[in-house]
Amino acid sequence: KKDERGRGSPSRTSPSNSNLIAAAKLIDNAQREVDLARTSSREKDSEIASLSDLLNRSMARQGSLEDRLQDMNRQMLECLSMKNTSQQNASQATHECRLAKAYSIEYMK
């Protein structure tokens, strides 16, 4: 190899070539870091999408469970109302039985 003046190149690399080699290595390293960051970003995007889907399904299920709970509460209130009505009817029937018994005793005298 000959340098610009036609002389043979020294055995070691010139400073400008060393700088170019170092810059190329830095660029390669930076490109690898960018590639790793992109891969990591894609993986995180995928994980976020998966978690978002799970959250949406969980929220839909929670809404369904809340609807079922409200239905159960309504049914419980209806049962309590029917129980109160039954108790009132039973009390009324008991009172009427007592009256009928009293009348029958009076009638039998």
Side-chain angles (χ1 to χ4, degrees):
K1 294 181 181 179
K2 294 187 177 185
D3 65 11
E4 295 170 9
R5 296 183 203 145
R7 292 188 248 155
S9 63
S11 61
R12 61 188 172 110
T13 311
S14 68
S16 63
N17 282 344
S18 294
N19 288 342
L20 289 174
I21 292 169
K25 286 180 181 179
L26 286 174
I27 290 170
D28 285 345
N29 287 339
Q31 187 61 48
R32 277 194 290 276
E33 289 293 325
V34 167
D35 290 343
L36 287 173
R38 284 184 182 147
T39 300
S40 176
S41 178
R42 281 191 295 271
E43 288 171 354
K44 287 182 177 148
D45 286 346
S46 176
E47 186 176 348
I48 289 170
S50 177
L51 290 173
S52 177
D53 182 52
L54 285 173
L55 178 62
N56 288 335
R57 283 192 270 156
S58 176
M59 289 174 67
R61 183 175 169 193
Q62 180 181 355
S64 174
L65 290 173
E66 287 174 356
D67 291 345
R68 287 177 56 196
L69 181 59
Q70 287 177 358
D71 285 344
M72 291 174 71
N73 281 334
R74 277 192 293 276
Q75 290 174 3
M76 182 186 67
L77 291 174
E78 287 174 11
C79 286
L80 287 173
S81 175
M82 289 176 5
K83 176 185 171 194
N84 289 336
T85 301
S86 293
Q87 285 176 338
Q88 290 169 355
N89 290 342
S91 292
Q92 183 67 31
T94 302
H95 177 68
E96 289 173 6
C97 284
R98 285 183 186 145
L99 285 176
K101 184 177 180 183
Y103 286 133
S104 67
I105 289 174
E106 279 298 313
Y107 182 73
M108 299 295 269
K109 287 185 181 179

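All values below were derived from every heavy atom in this structure, side-chain atoms included, with hydrogens, water molecules and symmetry-related copies excluded.
- Within a 6.0 Å radius of CD in Gln87, other residues, nucleotides and ligands contribute more than 12 heavy atoms.
- How far CG of Leu69 is from CE of Met76: 9.0 Å, rounded to the nearest 0.5 Å.
- Between Asn17 and Leu20 the shortest side-chain heavy-atom distance falls below 4.5 Å.
- When atom types are taken as modelled, the side chain of Ser52 and the backbone of Ile48 share no donor-acceptor pair closer than 3.5 angstrom.
- Using modelled atom types and a 3.5 Å distance limit, the side chains of Gln62 and Glu66 yield a donor-acceptor pair.
- Here salt bridge (Lys or Arg N to Asp or Glu O under 4.0 Å) pairs that include residues 70-93, with residues two or more places apart or in two chains, are Asp71-Arg74.
- Distance check, rounded to the nearest 0.5 Å: CG of Leu55 to OG of Ser50 gives 11.0 Å.
- Thr85 places a side-chain N or O within 3.5 Å of a backbone atom of Ser81 that can act as its donor or acceptor partner.
- The distance from the OG atom of Ser40 to the CG atom of Asp45 is 9.5 Å, given to the nearest 0.5 Å.
- The main-chain N or O of Ala90 is found under 3.5 Å from a side-chain atom of Thr94 such that the two form a donor-acceptor pair.
- The one candidate from Gln31, Lys25, Arg32 that meets the side-chain contact (heavy atoms from CB on, under 4.5 Å) condition with Asp28 is Arg32.
- Residues passing the salt bridge (charged side-chain N to carboxylate O under 4.0 Å, His left out) test with Asp53 are Arg57, sequence neighbours excluded.
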Less than 3.5 Å apart, which donor and acceptor atoms pair up between the side chains of residues 95-105 and the rest of the protein, not counting sequence neighbours?
| from | atom 1 | to | atom 2 | distance (Å) |
| --- | --- | --- | --- | --- |
| Glu96 | OE2 | Gln92 | NE2 | 3.0 |
| Ser104 | OG | Ala100 | O | 3.3 |
| Ser104 | OG | Lys101 | O | 2.8 |

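- Sparse packing is recorded around CE of Met59, with 12 or fewer heavy atoms of other residues, nucleotides or ligands lying under 6.0 Å away.
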